[in-house]
Trainee: 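Let me begin by handing over the structure; questions about it come next.
Quantities reported herein were computed from a predicted structural model and do not represent experimental measurements. Below, each value reflects all heavy atoms present in this structure, side chains not excepted, and no hydrogens, waters or symmetry copies.
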Amino acid sequence: MMDGDLICRKKIVEIVREASEKWGFFNVVNHGIPVSVLEDMMEGVRRFYEQDTDVKKQYYTRDAARKIVYNSNFDLYTAAAANWRDTFYCLMAPHPRTRKSCHQHAELTMGTTKHADNDFLTILLQDQVGGLQFLHQDQWIDVSPTPGALLINVGDLLQLISNDRFRSVEQKVLANSIGPRVSVACFFHTTIQPSSKLYGPIKELLSEENPPKYRETTVIEYFVYIYSHGLDGTSAHRISGSKFNWIRERISMMDG
């Protein structure tokens, strides 16, 4: 790299760090992916949903371990309120650590309830229908679609390993009368297959002034909790009404 490239990279890293700490989400433009590729992806998603039910039902399942899954509301039988949307997703990478989900929100529905993503990082491509909102300082912020941009947001697991330095942001989708909303999201996490690997705050970030806020946990333990409770309208790390209170509470075990 030239010196100018290193300076530019350092500046970009600082901007991303600041956005991840303060907002928990940010837009990326000039990422090198042709707009035509993004448009073709969205069109492919629309074509899938516009197929006859008999064609789509061969992929319908609630077995999250399958490589290709199509269903309506993964938490239909566990959440306090149903989110009327269709989703199909597939596991990617040699040892699946990325899940790509394609959502379609029906017209004139309630959209998606408040939630936070249960991964390390999410990359979202959304159409021009809009309706996405993020919670910032107790205010819902409209995230208007930017043509060609990719929206990045911090997930629960990144907040956990950063010991709250990076913030997992709460979000929701408001439905409107324009038409169905289509989005494509890539969720970066470890495999959901059983593993004994533990994740907790990164040791290098800890000190007497910054003690661990969470106990270590396996990803499968976390996913079991999420899938059994559904989108219940709270972030996994909210101190009040938290899904992850059980991790915070068990931190006392370290103190003996």
Side-chain angles (χ1 to χ4, degrees), residues 10-29 31 97-99 101 111-126 131-146 149-174 183 185-190 198-219 221-223 225-226 229-251:
K10 184 177 180 180
K11 182 178 180 180
I12 292 173
V13 169
E14 179 62 22
I15 292 173
V16 170
R17 180 197 62 77
E18 182 179 355
S20 299
E21 291 179 353
K22 182 179 179 181
W23 292 88
F25 67 94
F26 51 91
N27 261 330
V28 174
V29 295
H31 41 65
R97 287 180 172 82
T98 306
R99 185 177 82 246
S101 295
T112 301
T113 54
K114 181 176 67 173
H115 68 283
D117 287 346
N118 53 19
D119 59 354
F120 290 97
L121 199 69
T122 301
I123 300 179
L124 178 72
L125 173 65
Q126 57 175 335
L132 180 63
Q133 293 185 328
F134 282 124
L135 187 64
H136 179 67
Q137 297 180 348
D138 296 324
Q139 297 290 327
W140 286 104
I141 307 298
D142 290 321
V143 184
S144 300
T146 301
L150 295 173
L151 184 66
I152 316 295
N153 70 268
V154 173
D156 288 343
L157 294 176
L158 184 53
Q159 178 170 332
L160 184 150
I161 66 173
S162 70
N163 206 41
D164 279 358
R165 181 168 184 176
F166 296 153
R167 307 299 296 179
S168 177
V169 62
E170 291 186 331
Q171 56 192 277
K172 65 180 180 180
V173 175
L174 301 179
S183 63
C186 287
F187 300 98
F188 289 82
H189 54 72
T190 67
L198 294 173
Y199 289 87
I202 298 173
K203 300 297 189 293
E204 289 78 4
L205 300 178
L206 304 179
S207 64
E208 290 185 4
E209 294 75 25
N210 184 36
K213 296 181 173 65
Y214 306 103
R215 71 169 178 89
E216 293 182 326
T217 184
T218 64
V219 171
E221 182 182 11
Y222 171 73
F223 268 82
Y225 185 93
I226 293 298
H229 287 72
L231 301 180
D232 63 359
T234 60
S235 166
H237 298 285
R238 287 289 186 183
I239 295 177
S240 176
S242 167
K243 296 177 188 174
F244 258 34
N245 269 345
W246 51 284
I247 286 185
R248 286 188 181 274
E249 290 167 357
R250 293 192 194 181
I251 203 71

Trainee: Mind checking side-chain contact (heavy atoms from CB on, under 4.5 Å) for Thr218 and listing every partner two or more places apart, or none if nothing turns up?
Mentor: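 Counting only residues at least two positions away or on another chain, Thr218 forms a side-chain contact (heavy atoms from CB on, under 4.5 Å) with Leu198, Ile220, Glu221.
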Trainee: Do you know the tightest heavy-atom contact between Pro211 and Leu206?
Mentor: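 Where Pro211 meets Leu206 most closely, the heavy atoms are C-CD2, 4.1 Å.
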Trainee: Suppose we screen for side chain to side chain donor-acceptor pair (under 3.5 Å). Which residues come up paired with Glu209, at least two apart in sequence or across chains?
Mentor: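 Scan of Glu209 (side chain to side chain donor-acceptor pair (under 3.5 Å), adjacent residues dropped) gives Ser207.
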Trainee: Output the distance between atom OG (Ser168) and atom CG (Leu158), rounded to the nearest 0.5 Å.
Mentor: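 The distance works out to 8.5 Å.
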Trainee: Report yes if the side chains of Gln133 and Val173 come closer than 4.5 Å at any heavy-atom pair, otherwise no.
Mentor: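 Not in contact.
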Trainee: To check you understand the geometry: which heavy-atom pair defines the closest contact between Ala149 and Leu125, and what is its length?
Mentor: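 Heavy atoms of Ala149 and Leu125 come nearest at O-CD1, 4.1 Å.
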Trainee: List for me each residue that meets side chain to side chain donor-acceptor pair (under 3.5 Å) alongside Arg17, sequence neighbours excluded, and say none if there are none.
Mentor: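 With sequence neighbours excluded, Arg17 shows a side chain to side chain donor-acceptor pair (under 3.5 Å) to Glu14, Glu21, given in chain and number order.
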Trainee: Does Lys203 have any salt bridge (charged side-chain N to carboxylate O under 4.0 Å, His left out) partners at least two apart in sequence or in another chain, and if so, which?
Mentor: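 By the salt bridge (charged side-chain N to carboxylate O under 4.0 Å, His left out) rule, Lys203 matches Glu216.
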Trainee: Test side-chain contact (heavy atoms from CB on, under 4.5 Å) on Arg165 and Asn163; report intermediate values, then the result.
Mentor: CA-CA 6 Å; Arg165 181 168 184 176; Asn163 206 41; over 6 Å; no
Trainee: Drop me the distance from Leu150's CG to Gln126's CD, to the nearest 0.5 angstrom.
Mentor: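 CD of Gln126 is found 10.5 Å from CG of Leu150.
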Trainee: Applying ring pair (Phe, Tyr, Trp, His ring centres under 6.0 Å), can you list everything that pairs with His136, at least two apart in sequence or on another chain?
Mentor: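 Partners of His136 under the ring pair (Phe, Tyr, Trp, His ring centres under 6.0 Å) test: Trp23.
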Trainee: What are the two closest non-hydrogen atoms of Pro201 and Tyr214, and how far apart are they?
Mentor: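 Nearest pair, atom of Pro201 first, then Tyr214: CD-O, 3.5 Å.
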Trainee: So how far is it from Ser162 OG to Lys213 NZ, rounded to the nearest 0.5 Å?
Mentor: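 NZ of Lys213 is found 9.0 Å from OG of Ser162.
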Trainee: What closest approach, in Å, do Phe188 and Asp119 show between heavy atoms, and which atom pair accounts for it?
Mentor: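 That would be O-CB, 3.4 Å.
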Trainee: How far apart are the closest heavy atoms of Ile161 and Leu205, and which atoms are they?
Mentor: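 That closest heavy-atom pairing would be O-CD1, 3.8 Å.
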Trainee: Report the residues that fulfil ring pair (Phe, Tyr, Trp, His ring centres under 6.0 Å) with Tyr199, sequence neighbours left out, ordered by chain and then residue number.
Mentor: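 With neighbours one apart ignored, the set is Phe120.
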Trainee: Quick one: are Leu132 and Phe25 in side-chain contact, heavy atoms under 4.5 Å?
Mentor: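 In short, these two side chains do not touch, never coming nearer than 4.5 Å.
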Trainee: Are side-chain heavy atoms of Arg167 and Val154 found at a separation under 4.5 Å?
Mentor: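 No; the side chains remain at least 4.5 Å from each other.
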Trainee: Please report the shortest heavy-atom distance between Lys114 and Trp140, naming the atom on each side.
Mentor: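 Of all heavy-atom pairs spanning Lys114 and Trp140, the closest is CD-CZ2, 3.5 Å.
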Trainee: Working to the nearest 0.5 angstrom, can you tell me the gap between Gln171 CD and Asp117 CG?
Mentor: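 Here the interatomic distance stands at 4.5 Å.
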Trainee: For Ala185, check side-chain contact (heavy atoms from CB on, under 4.5 Å) against everything at least two apart and list the hits.
Mentor: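 Per chain and number, Ala185 pairs via side-chain contact (heavy atoms from CB on, under 4.5 Å) with Thr122, Leu124, Phe187.
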Trainee: What is the distance from atom CG of Leu151 to atom CG of Asn27, rounded to the nearest 0.5 Å?
Mentor: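 Output value for this atom pair is 5.0 Å.
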Trainee: The criterion is ring pair (Phe, Tyr, Trp, His ring centres under 6.0 Å); which residues satisfy it with Phe166, sequence neighbours excluded?
Mentor: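 Here no residue qualifies.
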